[in-house]
Number of protein chains: 2
Amino acid sequence: MPALQNIKVAVDAVVFGYTSKEGLSVLLIKRNIQPFKNTWALPGGLVGDDESLENAVQRELKEETGVNINYLEQLYTFGQPGRDPRNRAISITYYGLVKPDVFELHADTDASDVAWFNIKKLPQLAFDHAEIISAAHTRLKSKILYQPVGFELLDQKFPFSELEKLYMAVLDRPIDRRNFKKKVMKFGFLEETTEKQALEGAGRPGNLFRFNTEKYYQLQKQGINFEL
Amino acid sequence: MPALQNIKVAVDAVVFGYTSKEGLSVLLIKRNIQPFKNTWALPGGLVGDDESLENAVQRELKEETGVNINYLEQLYTFGQPGRDPRNRAISITYYGLVKPDVFELHADTDASDVAWFNIKKLPQLAFDHAEIISAAHTRLKSKILYQPVGFELLDQKFPFSELEKLYMAVLDRPIDRRNFKKKVMKFGFLEETTEKQALEGAGRPGNLFRFNTEKYYQLQKQGINFEL
DNA sequence: CCAAAAGTGTTCCCAATACACCCATGA
DNA sequence: TCATGGGTGTATTGGGAACACTTTTGG
């Protein structure tokens, strides 16, 4: 056991966003410092000596991308020696969900650019960040099956098909519309409104739905069985 | 963001053991250094500068308790400022499963004693270790429902009722014997032998079963649906 | 013969699946 | 009137849950 320890402690965030046009996306920054200068990477950075881990992620996210997020969950801690070429560094990673259009992205601090990337069209990534995103995606896919996910990623009111598309984008497989709706409605955390979807292009406009936040959070805590 | 960071990086292990007499137990050490001297705590310690996290856990476990373990999984990283009264310290925690009787416990290094404690009769614990154990137990309870768990915790050959009791001990609820057996046998990772259980006390002796390791590990990777 | 634990089968019901046609709208 | 997407119901089936009596052994 070492007398003096020299390990850096960092946090990184995998922030997922969803829009029906873009599908499932991840928020990345372009580094403007070495190493991996000009390479895309996850937002993140060193933890302050008196700062909680959650606080560090929120702060870095805000600084580097302008995004505030209220739902972040710890994912995994990556700590292989050599994962940072400079010195030993461990990274406690988090993942979260947001509605992309709520935020105006602005690069800052050590980022020269910020952008959303579709999960299937990621650029070359710094460090072991590709691995981290892959782990986060796997986790999200499994989470979505036992906890309701959607409130964080959709507008307050949305046509039912949006939820369907969200699930298909995250799970990356087709879903039967009728069975899906039956299943979701039975949980009772969705309310149908009488408003109609504003149209874009052709097609019959659908009713708008909204989450019943009480039941939603209750189910999110309890867990649901949501095999599709 | 701090120019100089001063955070200690530690690992801690929640090692679960199971015997039908004792039930589900956790391996603890009695600290013989400050702080929390003479208080029970999880085995663990600081990570070496060039050491992987997994290696650090294994090493500390070996040093402090004499236990070798081949199955360890990362649980969560605890990092609240103030969780260690000396200085800022984060702990990457792991949990694992062993057969307690395989090991001869021997305290060493900074432990004055080592022992198994039934999960329901834990002593006062150092730091936030009670919280860590609780998180590990929750995780184990959920893991046991989607992955086969037992090989690590039972003898090579065991009567079926042992597996039943193991599940009841971990989940802390009764299980219908017949339905449980039907379900387990259908997966095909258990083989019935013709040997009979060596008796202890009254009762009809049961056949011994063993795991088919190939199918077992295959299922453990794939995941199973095992709602009971 | 009594206590303790093991072994075993059936019924019922609900939930998952598969599946296809009509409706409302804009162009 | 056509193209696009929204909305809906039924029949089948497989799996989970509930449930009790008989057998083997030791004392």
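So that the names make sense, note that chain A is the first sequence line, chain B the second, and so on, each numbered from 1. Just so it is clear, the values below take in all heavy atoms, side chains as well, and ignore hydrogens, waters and symmetry mates.
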Q: Find the distance between CG (B/L97) and CG (B/L153) and round it off to the nearest 0.5 Å.
A: 4.5 Å
Filtered N/O pairs between nucleotides 25-27 of chain D and protein, under 3.5 Å:
none

Q. Any Lys/Arg nitrogen of A/K157 or A/E195 sitting under 4.0 Å from an Asp/Glu carboxylate oxygen of the other?
A. yes
Q) If you measure only the distance, is there a donor-acceptor pair under 3.5 Å linking the side chains of A/N207 and A/E192? A) yes
Q.
Has B/Q220 got a side-chain atom pairing as donor or acceptor with B/P148's backbone, closer than 3.5 angstrom?
A. yes
Q: Starting from the 5' end of DNA chain D, give me the residue, A/D176 or B/D176, whose nearest nucleotide shows up first.
A: A/D176
(Q) Without decimals, in angstroms, what is the distance between B/R177 CZ and D/dG16 P? (A) 20 Å
Q) So, is A/S161 near the phosphate of D/dG6, with a side-chain N or O under 4.0 Å from OP1 or OP2? A) yes
Q | Note: A/D172-A/K120 ion pair, threshold 4.0 Å (strictly below) | A | yes
Q | Side chain of A/N207 (C-beta onward), nearest among D/dG7, D/dT8, D/dA20 | A | D/dG7
Q: Any chance you could lay out the side chain to side chain contact (heavy atoms under 4.5 Å, CB included) test for A/R139 and A/L75, step after step, and finish with the verdict?
A: CA-CA 8 Å; A/R139 180 78 70 90; A/L75 172 64; 3.8 Å; yes
**Q.** Integer-rounded Å distance: D/dG5 P and A/F158 CZ
**A.** 19 Å
Q | Residue pair A/E73 / A/Y71, side-chain donor-acceptor N/O under 3.5 Å | A | yes
Please tabulate the protein-to-nucleotide N/O contacts below 3.5 Å involving nucleotides 10-15 of chain D, giving atom names and distances.
| from | atom 1 | to | atom 2 | distance (Å) |
| --- | --- | --- | --- | --- |
| D/dT10 | O4 | A/K182 | NZ | 2.7 |

Q: Using a strict cut-off of less than 4.0 Å between a Lys/Arg side-chain nitrogen and an Asp/Glu carboxylate oxygen, indicate whether B/E164 and B/K181 qualify as a salt bridge.
A: no
Q.
Test side chain to side chain contact (heavy atoms under 4.5 Å, CB included) on B/L27 and B/L61; report intermediate values, then the result.
A. CA-CA 10 Å; B/L27 184 62; B/L61 255 179; 4.1 Å; yes
Q | Range on DNA chain C touched by chain B - first to last nucleotide, heavy-atom distance under 4.0 Å | A | C/dA4 to C/dT10
Q.
What I want to find out is whether B/D176 reaches B/R178 closely enough, with some N-O distance under 4.0 Å, to be called a salt bridge.
A. yes
(Q) Please tell me whether A/E162 and A/Y18 have a donor and an acceptor in their side chains that are separated by less than 3.5 angstrom. (A) no
Q) In whole angstroms, how far is the C1' atom of D/dT8 from the CE atom of A/M185? A) 13 Å
